[in-house]
Undergrad: 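If you scroll down you'll find the structure; I have some questions about it.
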Amino acid sequence: MSAKPPVFHTLGCRLNAYETEAMREMTTEAGLSGLVIVNTCAVTSEAVRKARQDIRRLRRQNPDATLVVTGCAAQTEPETFAAMPEVDRVIGNTEKMQAATWANMAADLIGETERVQVDDIMSVTETAGHLIDGFGTRARAYVQVQNGCDHRCTFCIIPFGRGNSRSVPAGVVVDQIKRLVDRGYNEVVLTGVDLTSWGSDLPGAPRLGDLVMRILRLVPDLARLRISSIDSIEADENLMAAIATEPRLMPHLHLSLQHGDDLILKRMKRRHLRDDAIAFCEEARRLRPDIVFGADIIAGFPTETEVAFGNSLKLVDDCGLTWLHVFPYSPRPGTPAARMPQVGGAAIKDRAARLRDIGAAAVAAHLATQQGKTHRILMENPRMGRTEQFTEVDFSTDQPEGAIITAQITGHAGARLTA
């Protein structure tokens with residue numbers, strides 16, 4: 001075994017990236033070397049295909065390494081990766097977050113430990129206790145407060161990769177954020193798989209809004225708190241109150257909307273309808289006029305007609321969405337949607353492209369309204385920062401990394417503002 005430190009390759013969501021950092025700490029503590037660790041995503045069939053492709057490439061580039069596959073795709077279909085000749089170990093989503101997994105591997109890399117370590121994630125009742133102090137940029141840190149999902153959307157395999165919803169207790173979250181602020185972080189982002197379900201498994205069933213209010217009250221030196229993707233139908237009263245009254249809660253929400261047509265939403269087994277999404281955006285904008293929305297939208301869901309797709313296009317304007325995350329639908333084996341009448345591949349590709357065009361126009365419209373405005377910008381590197389609405393801003397001169405700079409917007413180039 002060489003002394004080369006572990007190499008990590010991360011696919012998928014921000015939570016996966018967070019967990020990669022935790023694994024980096026644990027493998028370092030275990031004194032491991034000569035590993036290539038692929039942290040996979042299972043959100044679409046394309047994501048699994050890309051994981052297999054990347055594994056083959058990484059094996060060619062690292063012929064002597066011990067190649068470990070983990071993450072959601074490893075959890076949902078371990079046999080797929082165990083059958084690949086390039087793969088030495090397959091580790092589940094729970095096991096990857098346990099220091100003992102990596103310590104045991106260090107004790108015997110020859111192969112005494114089990115080659116496939118993937119247990120039933122539905123039996124997991126607690127979040128992993130491994131919290132990392134500082135991930136993202138030197139300016140922004142991410143804190144995982146929740147994992148798993150109790151909902152069963154017909155297109156989604158993620159609950160089977162992440163398990164049921166589990167919450168990190170509020171006191172643990174607050175303590176970690178205090179440490180991050182003490183280390184100089186000006187912004188903390190709360191992240192999870194189904195963030196608005198936070199607290200449902202904790203004593204007294206607190207809500208996400210309660211956690212947000214508690215953080216802002218107990219960590220007065222935290223300059224900016226941001227929440228990542230939420231399910232708008234689960235937004236509670238305290239969360240809406242925080243949006244209205246707490247300037248340190250950033251005016252940017254990424255919404256899990258998925259579609260703009262009621263029949264498709266029902267077939268997706270979503271818990272909201274089109275009018276619910278519009279009403280939420282209108283109310284949040286009334287409470288916080290400068291708020292900006294992003295959203296996930298799926299193009300080409302089974303049975304989607306051109307009329308139904310048109311309702312997704314119109315939703316962008318009706319909700320006033322700015323940042324679109326467009327997913328061309330691909331069937332996941334084992335999900336109900338995979339058994340529904342499928343839309344043709346060419347139509348899916350065309351609709352995704354049209355949605356992205358609408359999204360690009362929405363971004364351009366947002367950027368155009370910012371010229372001349374003054375923003376507080378968190379610098380991620382000496383020449384680029386983000387506004388409170390998460391819009392990127394380019395500077396022509398160096399600024400202090402990690403600082404919050406007040407600057408006037410002079411224009412825009414591409415998808416970024418200039419100052």
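Sequential numbering from 1 along the given sequence is applied to the chain's residues.
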Undergrad: On the 0 to 90° scale, with breaks at 30° and 60°, tag the Phe390-His252 ring pair as parallel, tilted or perpendicular.
TA: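 Answer is parallel, since the angle falls under 30°.
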
Undergrad: Does one side chain, of Asp88 or Thr66, offer a donor that lies under 3.5 Å from an acceptor on the other?
TA: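 Side-chain D/A pair, Asp88 to Thr66: absent.
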
Undergrad: Looking at Glu95, is its backbone amide N or carbonyl O close enough to the side chain of Thr101 to form a donor-acceptor pair, meaning the two atoms are under 3.5 Å apart?
TA: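 Here the side-chain-to-backbone pair exists.
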
Undergrad: Is it true that Thr10 and Thr20 share a donor-acceptor pair across their side chains at a distance under 3.5 Å?
TA: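 Yes, side-chain donor-acceptor contact under 3.5 Å.
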
Undergrad: With distance as the sole test, does Thr70 use its side chain to make a donor-acceptor pair with the main-chain N or O of Asn39 at under 3.5 Å?
TA: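 No.
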
Undergrad: Is the shortest side-chain N to carboxylate O distance from Asp54 to Lys50 below 4.0 Å?
TA: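 Yes, Asp54 and Lys50 are salt-bridged.
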
Undergrad: Can you find a heavy atom in the side chain of Pro159 that is under 4.5 Å from one in the side chain of Cys149?
TA: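 Of all side-chain heavy-atom pairs linking Cys149 with Pro159, at least one is under 4.5 Å.
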
Undergrad: Strictly distance-based, threshold 3.5 Å: is any side-chain N or O of Asn16 a donor or acceptor partner for the main-chain N or O of Gly71?
TA: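 Absent.
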
Undergrad: Looking at Arg332 and Glu77, does any basic side-chain N land under 4.0 Å from a carboxylate oxygen?
TA: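 Yes, this pair counts.
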
Undergrad: Looking at residues at least two apart in the chain, or sitting in another chain, which of them share a salt bridge (Lys or Arg N to Asp or Glu O under 4.0 Å) with Glu304?
TA: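 Per chain and number, Glu304 pairs via salt bridge (Lys or Arg N to Asp or Glu O under 4.0 Å) with Arg351.
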
Undergrad: Does any donor atom in the side chain of Ser197 or Glu234 lie under 3.5 Å from an acceptor atom in the other side chain?
TA: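 Side-chain D/A pair, Ser197 to Glu234: absent.
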
Undergrad: Quick check: does any side chain N or O of Arg162 sit under 3.5 Å from a backbone N or O of Ile157, one acting as donor and the other as acceptor?
TA: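 Such a contact is absent between Arg162 side chain and Ile157 backbone.
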
Undergrad: Hey, which of Asp276, Asp150, Asp231 is the one that makes salt bridge (Lys or Arg N to Asp or Glu O under 4.0 Å) with Arg271?
TA: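 Result for salt bridge (Lys or Arg N to Asp or Glu O under 4.0 Å) with Arg271: Asp231.
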
Undergrad: Could Arg24 and Glu21 be called an ion pair, given the rule that one side-chain N must be under 4.0 Å from one carboxylate O?
TA: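 Looking at Arg24 and Glu21, the cut-off is met.
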
Undergrad: What I'd like to find out is whether the side chain of Val393 reaches to under 4.5 Å of the side chain of Thr387, using heavy atoms alone.
TA: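 Contact flag for Val393/Thr387 side chains = yes.
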
Undergrad: Taking atom types as modelled, is there a side-chain donor on Glu29 or Thr27 under 3.5 Å from an acceptor on the other?
TA: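 The answer is no; no qualifying pair exists.
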
Undergrad: So does Ser256 get a backbone contact from the side chain of Arg270, meaning a donor-acceptor N/O pair under 3.5 Å?
TA: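 Between the backbone of Ser256 and the side chain of Arg270 there is a qualifying donor-acceptor contact (under 3.5 Å).
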
Undergrad: Hey, are Thr410 and Gln408 close enough side-chain-wise for a donor-acceptor pair under 3.5 Å?
TA: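 No, no side-chain donor-acceptor contact under 3.5 Å.
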
Undergrad: For Ala338, give me all partners under side-chain contact (heavy atoms from CB on, under 4.5 Å), at least two apart in sequence or on another chain.
TA: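 Ala338 satisfies side-chain contact (heavy atoms from CB on, under 4.5 Å) with Pro331, Thr335 once adjacent residues are dropped.
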
Undergrad: Does any non-hydrogen side-chain atom of Arg57 lie less than 4.5 Å from one of Gln61?
TA: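 Yes - at least one pair of side-chain heavy atoms lies under 4.5 Å apart.
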
Undergrad: Kindly say whether Leu378 contributes a backbone atom to a donor-acceptor pair with the side chain of Arg140 at under 3.5 angstrom?
TA: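 No: the side chain of Arg140 does not pair with the backbone of Leu378.
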
Undergrad: Report the residues that fulfil salt bridge (Lys or Arg N to Asp or Glu O under 4.0 Å) with Glu388, sequence neighbours left out, ordered by chain and then residue number.
TA: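 Residues passing salt bridge (Lys or Arg N to Asp or Glu O under 4.0 Å) with Glu388: none at all.
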
Undergrad: Working note: Tyr18 + Tyr142, criterion ring-ring contact (aromatic ring centres under 6.0 Å, His included); need CA distance, chi angles, decisive distance, verdict.
TA: CA-CA 7 Å; Tyr18 178 100; Tyr142 292 79; 8.1 Å; no

Undergrad: Taking salt bridge (Lys or Arg N to Asp or Glu O under 4.0 Å) as the definition, give me every residue that meets it alongside Arg288, ordered by chain and number, with sequence neighbours left out.
TA: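 Residues passing salt bridge (Lys or Arg N to Asp or Glu O under 4.0 Å) with Arg288: Asp290.
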
Undergrad: Asp210 side chain to Pro206 main-chain N or O, any donor-acceptor pair under 3.5 Å?
TA: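 No.
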
Undergrad: Write down the atom of Gly12, the atom of Cys41, and the distance for their closest heavy-atom approach.
TA: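 Smallest interatomic distance, heavy atoms only, reads CA-CB, 3.6 Å.
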
Undergrad: Could I get the full list of ring-ring contact (aromatic ring centres under 6.0 Å, His included) partners for Phe8, not counting sequence neighbours?
TA: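 Phe8 satisfies ring-ring contact (aromatic ring centres under 6.0 Å, His included) with no residue once adjacent residues are dropped.
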
Undergrad: With Phe155, which residues qualify under ring-ring contact (aromatic ring centres under 6.0 Å, His included), at least two apart?
TA: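 Partners of Phe155 under the ring-ring contact (aromatic ring centres under 6.0 Å, His included) test: none.
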
Undergrad: If every non-hydrogen atom of Ile37 is compared with every non-hydrogen atom of Pro6, which pair is closest and at what distance?
TA: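 Nearest pair, atom of Ile37 first, then Pro6: CD1-CB, 4.4 Å.
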
Undergrad: Flag the pair Val68 / Val36 as yes when at least one side-chain heavy-atom distance between them is below 4.5 Å, and no otherwise.
TA: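 Side chain of Val68 against side chain of Val36, heavy atoms only: no contact under 4.5 Å found.
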
Undergrad: According to side-chain contact (heavy atoms from CB on, under 4.5 Å), who are the partners of Ser232, at least two apart in sequence or on a separate chain?
TA: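 Here the qualifying residues are Leu255, Leu257, Phe280.
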
Undergrad: Could you tell me whether Asp194 and Arg166 make a salt bridge, using a distance below 4.0 angstrom between a side-chain N and a carboxylate O?
TA: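 Judged by the 4.0 Å cut-off on N to carboxylate O distance, Asp194 and Arg166 do not form a salt bridge.
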
Undergrad: Measure from the side-chain N and O atoms of Arg59 to the backbone N and O of Asn62, and report whether any donor-acceptor pair falls under 3.5 Å.
TA: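 Answer holds: yes.
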
Undergrad: Do you know the tightest heavy-atom contact between Leu218 and Lys178?
TA: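 Taking every non-hydrogen atom into account, O-CE, 3.3 Å.
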
Undergrad: Nearest 0.5 Å, please: how far is OG1 in Thr40 from CD1 in Ile55?
TA: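 Output value for this atom pair is 7.0 Å.
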
Undergrad: Strictly by modelled atom types, are Thr391 and His366 linked by a side-chain donor-acceptor pair under 3.5 Å?
TA: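 Thr391 vs His366: donor-acceptor pair found between side chains.
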
Undergrad: Do His325 and Trp323 come close enough that some side-chain heavy atom pair is under 4.5 Å?
TA: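 No - every pair of side-chain heavy atoms lies 4.5 Å or more apart.
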
Undergrad: Would you call Arg383 and Asp398 a salt bridge, using N to O less than 4.0 angstrom?
TA: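 Yes.
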
Undergrad: Within a strict 4.5 Å, meaning less than it, do heavy atoms of the Leu324 and Ile297 side chains meet?
TA: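 They are in contact (side-chain heavy atoms under 4.5 Å apart), so the answer is yes.
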
Undergrad: Assess Arg152 against Phe160: is NZ or CZ under 6.0 Å from the centre of the six-membered ring, and within 45 degrees of the ring's axis?
TA: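 Pair Arg152/Phe160 counts as cation-pi.
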
Undergrad: As an exercise, state the distance from CG of Asp296 to CD of Gln258, rounded to the nearest 0.5 Å.
TA: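 These two atoms lie 5.0 Å from each other.
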
Undergrad: According to side-chain contact (heavy atoms from CB on, under 4.5 Å), who are the partners of Ala30, at least two apart in sequence or on a separate chain?
TA: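 Here the qualifying residues are Leu32, Trp102, Ala106.
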
Undergrad: Got a sec, which residues hit ring-ring contact (aromatic ring centres under 6.0 Å, His included) with His375, two or more places apart in sequence or on another chain?
TA: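 So His375 forms no ring-ring contact (aromatic ring centres under 6.0 Å, His included) with any residue.
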
Undergrad: So with a 6.0 Å cut-off around CZ of Arg56, is the heavy-atom count from everything else above 12?
TA: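 Atom CZ in Arg56 is crowded, with more than 12 foreign heavy atoms closer than 6.0 Å.
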
Undergrad: Please name all residues satisfying side-chain contact (heavy atoms from CB on, under 4.5 Å) with Leu222, sequence neighbours left out, ordered by chain then number.
TA: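 Residues passing side-chain contact (heavy atoms from CB on, under 4.5 Å) with Leu222: Ile177, Val181, Val188, Ile215, Val219, Leu225, Arg248.
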
Undergrad: Which heavy atom in Leu202 sits nearest to a heavy atom in Trp198, and how many Å separate them?
TA: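 For Leu202 and Trp198, the tightest heavy-atom pair comes out as CD1-CZ2, 3.6 Å.
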
Undergrad: Would a distance-only check, ignoring hydrogens and angles, find a side-chain to backbone donor-acceptor pair under 3.5 Å from Ser330 to Thr44?
TA: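 Absent.
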
Undergrad: So which atom in Ser165 and which in Gln146 form the shortest heavy-atom distance, rounded to 0.1 Å?
TA: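 For Ser165 and Gln146, the tightest heavy-atom pair comes out as OG-NE2, 3.0 Å.
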
Undergrad: By ring-ring contact (aromatic ring centres under 6.0 Å, His included), which residues pair with His151, not counting sequence neighbours?
TA: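 Per chain and number, His151 pairs via ring-ring contact (aromatic ring centres under 6.0 Å, His included) with no residue.
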
Undergrad: Is there a side-chain contact between Ile230 and Leu253 (heavy atoms, below 4.5 Å)?
TA: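 SC-SC contact between Ile230 and Leu253 confirmed.
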
Undergrad: Atom CG in Asn311, atom CG in Asp262: separation rounded to 0.5 Å?
TA: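 So the gap between those two atoms works out to 8.0 Å.
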
Undergrad: Is Arg207 paired with Glu237 through a side-chain N to carboxylate O contact shorter than 4.0 Å?
TA: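 The answer is no: the pair does not qualify as a salt bridge.
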
Undergrad: Can you name the salt bridge (Lys or Arg N to Asp or Glu O under 4.0 Å) partners of Glu392, sequence neighbours left out?
TA: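 For Glu392, the residues satisfying salt bridge (Lys or Arg N to Asp or Glu O under 4.0 Å) (neighbours in sequence not counted) are Arg386, Arg416.
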
Undergrad: Hey, are Asp318 and Arg274 close enough for a salt bridge, meaning a charged N less than 4.0 Å from a carboxylate O?
TA: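 Salt bridge: yes.
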
Undergrad: Under 3.5 Å, side chain of Gln75 to main-chain N/O of Asn93, donor-acceptor pair present?
TA: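 Yes; judged by distance alone, with no hydrogens or angles, the pair exists.
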
Undergrad: Considering only heavy atoms from C-beta outward, does the side chain of Thr322 approach that of Phe293 to under 4.5 Å?
TA: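 Side-chain contact under 4.5 Å: no.
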
Undergrad: Nearest 0.5 Å, please: how far is CZ in Arg267 from SG in Cys153?
TA: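 Answer rounded to 0.5 Å: 16.0 Å.
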
